[in-house]
> 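Dropping the structure in here first, questions after.
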Amino acid sequence: MPAAGQDRRPASWRARLSWAMFDWANQPYFTVITTFIFAPYFTAKVIGNSVDGQSLWGFTQAFSAALVALGAPFLGAIADAGGRRKPWLFAFQIQLAFGCALLWLAQPGQPQLLPLVILGLVLANIAAEYSIMFNNALLPALETPRHVGRLSGLGWGMGYIGGLIALFGVLIVSQPELIGITPPPGEALLGLKRDAFEAERIIGPVAAIWLGIFVLPMFLFTPDRPGSGQPFRTVVRDGIGRVVNTVRHMRQYRNLLRFLFSYMIYYDGLVAVIGFGGIYAAGIFGWGTTELGLFGIALNVIAIPAVIFGGWLEDRWGSKRAVQLAIIIVGLGTFGILSISSGSVLFVLDVAPRAAGAGLFSSAGEQVFFLCAAFLGLGMGTMQAASRTLVARLSPPDMVGEFFGIYALSGRATTFLAPLLIGIATAVFATQRIAVIVILVFLAVGFALLWKVEEPARQ
């Protein structure tokens, strides 16, 4: 980051904490809906077949990612030209809440409602990614360049805590027997009907309410950039012009573009392993809401201290090295998951499948899966937080929104590709295992491309 910003004072603690609360407010969408609970429910119950469900989920995620990729650089540049980010954030947070609310309609045996459910997923996916883009653009002005990694890590850590609490809530409502509460037959807590899967379907509306409550501190206390005072038409024209000008002078930003291209590949692998990990486990082990919820809780418990430590580490060791270490850790966990099937672990060791009526995670395959997934928890938050920090450190101060838009583009330009390849390969080979191989290829290529990125000296 240029020297002009090196003596900048950090924002107040309340402003920084409120900014970090954005991750707390938004993370349950990713944790409970797109990863551990709703996604496996959608594939296994709403669609009724894990292979077909995984394929449809992959296509839905790919379509959403493609739409994000098309608009992100332009919206980021328009926000730079207009100055303010919060109006954009507000609009997309409303869209996210609406998309989540539509997920209540995801009931098995109601195919006429499936288009509305898919619409809700697409709207929510797009809004979540654009919201993250604009929130990221607020980061550089809130902390000094040397300690921006620490604040980024705090945000991700708070996000994982929010996701952890949300998972606990889902488990308590859907399986109150775990805490010694016995509801009436056929019901979960709050009178939710088990045969209509209301405990799984209500996740979307509750995520919308959670979002509305906990995103408020960011809007109230985190400072925004001042507006330019220009008419909206002028702001749009200037923003589009900025993108065109950046493309014309791309060679001036060669180092940043190297990183963004690398990020485009390895982040695709990360999104895929996060998005399909729960689906994969549900398919090979037959996990339901209880197992998936406890699995997600364990992953978040591991990720919270790991990502906070990762923020401390990158401020001392460098964001690039922190990303490289995180890719290695996630890759090891992903390779371990690849070695597991319903009847074997480590490719060649035969194990007995889970016996009917056995306790939770009682089979050797499930236990090895848990161990491998722990590596994902150790690395995934640091990979995301350190990548965000590196963009903040590499971007010119007056182009932060535009480059975070390009960052969102690079994060989504090919994220449709991994789900698309997974969807096609799963349909062709009729096995969920092929998804893990696709993920490993993306992680390896992204790691190799990162070597040539030069990180600026931290001051």
> So, does S339 use its side chain to make a donor-acceptor pair with the main chain of G336 at under 3.5 Å?
yes

> Report the C-alpha separation of L164 and V301 in whole Å, then their side-chain angles, then the decisive distance to 0.1 Å, and conclude whether the side chain to side chain contact (heavy atoms under 4.5 Å, CB included) test is met.
CA-CA 7 Å; L164 179 64; V301 168; 3.9 Å; yes

> From Q107 CD over to Q112 CD, what is the distance, rounded to the nearest 0.5 angstrom?
9.0 Å

> Under 3.5 Å, side chain of K86 to main-chain N/O of T222, donor-acceptor pair present?
yes

> I want to check something: taking the side chain as every heavy atom from C-beta on, are I203 and W104 in contact at a cut-off of under 4.5 Å?
no

> Nearest 0.5 Å, what's the CD-CG distance between Q27 and L211?
12.0 Å

> Could you list the donor-acceptor pairs under 3.5 angstrom formed between side-chain atoms of residues 154-161 and any protein atom two or more places apart in sequence or on another chain?
{"from": "Y160", "atom 1": "OH", "to": "G381", "atom 2": "N", "distance (Å)": "3.3"}
{"from": "Y160", "atom 1": "OH", "to": "Q384", "atom 2": "OE1", "distance (Å)": "3.3"}

> Step by step, work out the side chain to side chain contact (heavy atoms under 4.5 Å, CB included) result for L449 and F259.
CA-CA 8 Å; L449 293 173; F259 165 68; over 6 Å; no

> Before giving the answer on side chain to side chain contact (heavy atoms under 4.5 Å, CB included), spell out for T31 and L299 the whole-Å C-alpha distance, their side-chain angles and the decisive distance to 0.1 Å.
CA-CA 10 Å; T31 301; L299 226 59; over 6 Å; no

> Looking only at heavy atoms, which two atoms of A77 and G239 are closest? And how far apart?
CB-O, 3.3 Å

> May I ask you to decide if A326's main-chain N or O and T382's side chain share a donor-acceptor pair within less than 3.5 Å?
no

> Would a 4.5 Å heavy-atom cut-off, applied to side chains only, mark F375 and V330 as touching?
no

> If we count only N and O atoms by modelled type, under 3.5 Å, do the side chains of N255 and E455 hold a donor and an acceptor together?
no

> Taking Q95 for its side chain and L123 for its backbone only, find out whether a donor-acceptor pair lies under 3.5 Å.
yes

> According to side chain to side chain contact (heavy atoms under 4.5 Å, CB included), who are the partners of F214, at least two apart in sequence or on a separate chain?
M21, W24, A25, W210

> Find out whether V391 and L139 are in side-chain contact, i.e. whether some heavy atom of one side chain is under 4.5 Å from a heavy atom of the other.
no

> Answer yes when R321 and D315 have at least one side-chain N-carboxylate O distance shorter than 4.0 Å, and no when they do not.
no

> Pairs in or reaching into residues 21-42: which pass salt bridge (charged side-chain N to carboxylate O under 4.0 Å, His left out), with residues at least two apart or in two chains?
D23-R388

> Could you tell me which residues satisfy salt bridge (Lys or Arg N to Asp or Glu O under 4.0 Å) with R201, sequence neighbours excluded, listed by chain and number?
none

> How would you list, by chain and number, every residue that makes a side chain to side chain donor-acceptor pair (under 3.5 Å) with N245, sequence neighbours excluded?
H249

> Is there a donor-acceptor pair under 3.5 Å between the side chain of S152 and the backbone N or O of V148?
no

> For V453, is there any backbone N or O sitting under 3.5 Å from a side-chain donor or acceptor partner on K320?
yes

> Under 4.5 Å between any side-chain heavy atoms of F335 and C372, yes or no?
no

> Evaluate S131 against F22 for side chain to side chain contact (heavy atoms under 4.5 Å, CB included), listing each step before the verdict.
CA-CA 9 Å; S131 296; F22 172 89; 3.8 Å; yes

> Determine yes or no for a side-chain-to-main-chain donor-acceptor pair under 3.5 angstrom, with S18 supplying the side chain and R14 the backbone.
yes

> Here's a test for you: under side chain to side chain donor-acceptor pair (under 3.5 Å), which of Y263, Y267, Y266 qualifies with S387?
Y266

> How about N125 and Y130: does a side-chain donor come under 3.5 Å of a side-chain acceptor?
no

> Answer yes or no: are there more than 12 heavy-atom neighbours, outside F74 itself, under 6.0 Å from its atom CZ?
no

> Sequence neighbours left out, cut at 3.5 Å: what donor-acceptor pairs do the side chains of residues 38-47 make with other protein atoms?
{"from": "Y41", "atom 1": "OH", "to": "A106", "atom 2": "O", "distance (Å)": "2.6"}
{"from": "T43", "atom 1": "OG1", "to": "A39", "atom 2": "O", "distance (Å)": "3.3"}
{"from": "T43", "atom 1": "OG1", "to": "P40", "atom 2": "O", "distance (Å)": "3.0"}

> I want to check something: taking the side chain as every heavy atom from C-beta on, are P223 and L142 in contact at a cut-off of under 4.5 Å?
yes

> Decide yes or no on salt bridge (Lys or Arg N to Asp or Glu O under 4.0 Å) for R85 and D80, but give the supporting numbers first.
CA-CA 8 Å; R85 270 75 177 200; D80 278 340; 2.3 Å; yes

